[in-house]
Amino acid sequence: MSNRKYKIAALAGDGIGPEVVREAMKVLRATENKFDFQLEITEAPVGWAGIDELGKALPDDTLKLCRSSDSILFGSVGLPERDPTIPKEERPERAALLALRKEFGLFANLRPVKLPKELSHACPLKAERQGEGIDMLVVRELTGGMYFGQPKTTETLDNGEIQAIDTMIYSSSEIERIAHVAFKSAQLRRKHLTSIDKANVLENGVLWREVVSKVSADYPEVTVEHMFVDNAAMQLLLKPTQFDVVLCENMFGDILSDEAAALAGSLGMLPSASLGVTSDEKTFGFYEPAGGTAPDIAGKDLANPIAQILSTAMMLRHSFGENEAADTIEKAVVFAITQGLRTGDIYNSDDPNAHQVGTTAMGDAIAEAVVA
Ligand code: IPM
Ligand code: MG
């Protein structure tokens with residue numbers, strides 16, 4: 001028995017979180033036996049589940065567990081219909097998800113968007129726009145910008161008007177460190193980087209462009225292009241194949257990564273890794289699907305578990321260096337799709353090879369393919 005041992009905090013959260021995290025854990029367990037490492041997976045409540053069980057979206061014990069773990073497998077949090085029942089600062093998106101990103105300094109969010117050719121029908125674009133296939137990596141800055149900038153308030157003015165303020169702040173070092181992550185990722189891919197900004201209007205955009213240009217000197221083999229965010233939103237639809245690595249600040253990355261995910265067939269296919277400062281040893285990471293809680297389909301065995309499962313592959317690769325196990329999960333997902341297995345979000349009745357399955361059956365098939 002090997003001595004490779006990894007501690008994972010599994011925070012399933014709300015909506016479809018518990019059912020897709022269950023499938024992801026099933027797949028992780030399948031790699032454990034096959035690749036001879038040990039996983040110590042401990043589950044803990046977060047989000048509305050945390051509020052209901054322990055009175056807080058991020059209960060103290062859950063945070064403690066995260067601090068003593070090597071990585072976090074996160075489902076999703078937030079049930080908008082319950083929002084009016086508590087103050088906005090206590091709602092799960094802010095009090096749990098954003099709090100965890102800040103707490104662990106998870107500034108680098110990697111969102112790989114890939115459209116397998118078997119799913120080309122699930123892409124809203126015509127086949128000729130899909131070219132040889134859509135394959136890009138959105139690198140989103142995750143702990144700065146408008147999400148966290150102060151002041152962040154809503155005030156009533158003397159004239160009775162209500163005024164909301166969010167503040168966009170970036171320092172050069174914050175831009176620099178995320179730019180390095182993006183350039184390093186590009187070096188391992190097709191060596192093209194598109195940096196997104198709004199330099200024609202925002203001070204932040206001007207600084208973003210300056211710093212990214214400066215960092216690019218360290219990576220002469222990577223071609224860099226600067227693109228305004230509005231144009232990028234359009235180019236994603238017109239010619240998505242031009243993108244390799246897409247570098248964005250926090251808010252632009254939130255928006256463009258959902259758009260990119262739709263090109264890859266479904267938000268249910270988009271995994272993500274959020275990383276902090278890395279050391280050569282283990283890299284603490286936070287792994288979650290980019291989609292939300294989808295309360296309308298929760299508990300009905302309809303959710304697509306693939307984004308959550310692919311997030312575990314990212315965990316094995318980025319936090320544990322278990323590249324072979326990560327590859328195996330990714331191949332198992334492609335295998336299940338090639339076999340015609342489809343959850344509702346990626347199902348097309350015109351495809352004679354496709355048959356619709358539920359969350360559990362998809363997870364079972366992928367776990368079986370891992371073991372095979
Ligand atoms: C995401 C989500 C979150 C974000 C929400 C749930 C706070 O949309 O991870 O993309 O805006 O970052
Ligand atoms: Mg989002």
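Just so it is clear, the model here is predicted, and its values are computed rather than measured. Every number for a ligand or one of its atoms is a count from 1 in the order of the listing.
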Contacts under 3.5 angstrom, residues 291-299 side chains, donor-acceptor by atom type, not counting sequence neighbours:
unit_1	atom_1	unit_2	atom_2	d
T293	OG1	G78	O	2.7

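Looking at atom 4 (C) of ligand 1, its nearest protein heavy atom turns out to be Y147 OH, 3.4 Å.
Ion pairing of R342 with D351 is present here, as a side-chain N (NZ or NE/NH1/NH2) and a carboxylate O approach within less than 4.0 Å.
Those atoms of ligand 1 with a heavy atom of R101 less than 4.0 angstrom away are 1 (C), 4 (C), 9 (O), 12 (O). Every atom of ligand 1 is numbered from 1 in the order shown, and the set under 4.0 Å from a heavy atom of R140 is 1 (C), 4 (C), 9 (O), 10 (O), 11 (O), 12 (O).
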What verdict does the side chain to side chain donor-acceptor pair (under 3.5 Å) test give for H318 and S71, after you've listed the backbone C-alpha separation in whole Å, the side-chain angles of each residue and the deciding distance to 0.1 Å? CA-CA 10 Å; H318 294 285; S71 73; over 6 Å; no

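The residue among D254, L97, V77 with a heavy atom at the shortest distance from atom 6 (C) of ligand 1 is L97.
Heavy atoms of R111 found under 4.0 angstrom from ligand 1 belong exclusively to the side chain.
Taking the side chain as every heavy atom from C-beta outward, V113 and D135 never approach each other to under 4.5 Å.
For F37 and Y6, the gap between ring centers is short of 6.0 Å. Separation of the F104 and F284 ring centroids falls under the 6.0 Å cut-off.
By the side-chain contact (heavy atoms from CB on, under 4.5 Å) test, S257 is found to be paired with R111, V138, residues two or more places apart in sequence or in another chain being considered. Judged as a side-chain hydrogen bond (donor to acceptor under 3.5 Å, both in side chains), and not counting sequence neighbours, the contacts of S266 are D345.
By the criterion of a separation under 2.8 Å, the protein N/O/S atoms near the Mg ion (ligand 2) amount to D254 OD1.
For the pair E93 and ligand 1, the shortest N or O to N or O distance does not fall below 3.5 Å.
For the pair K102 and F148, the cation-pi criterion (under 6.0 Å, within 45° of the ring axis) is fulfilled.
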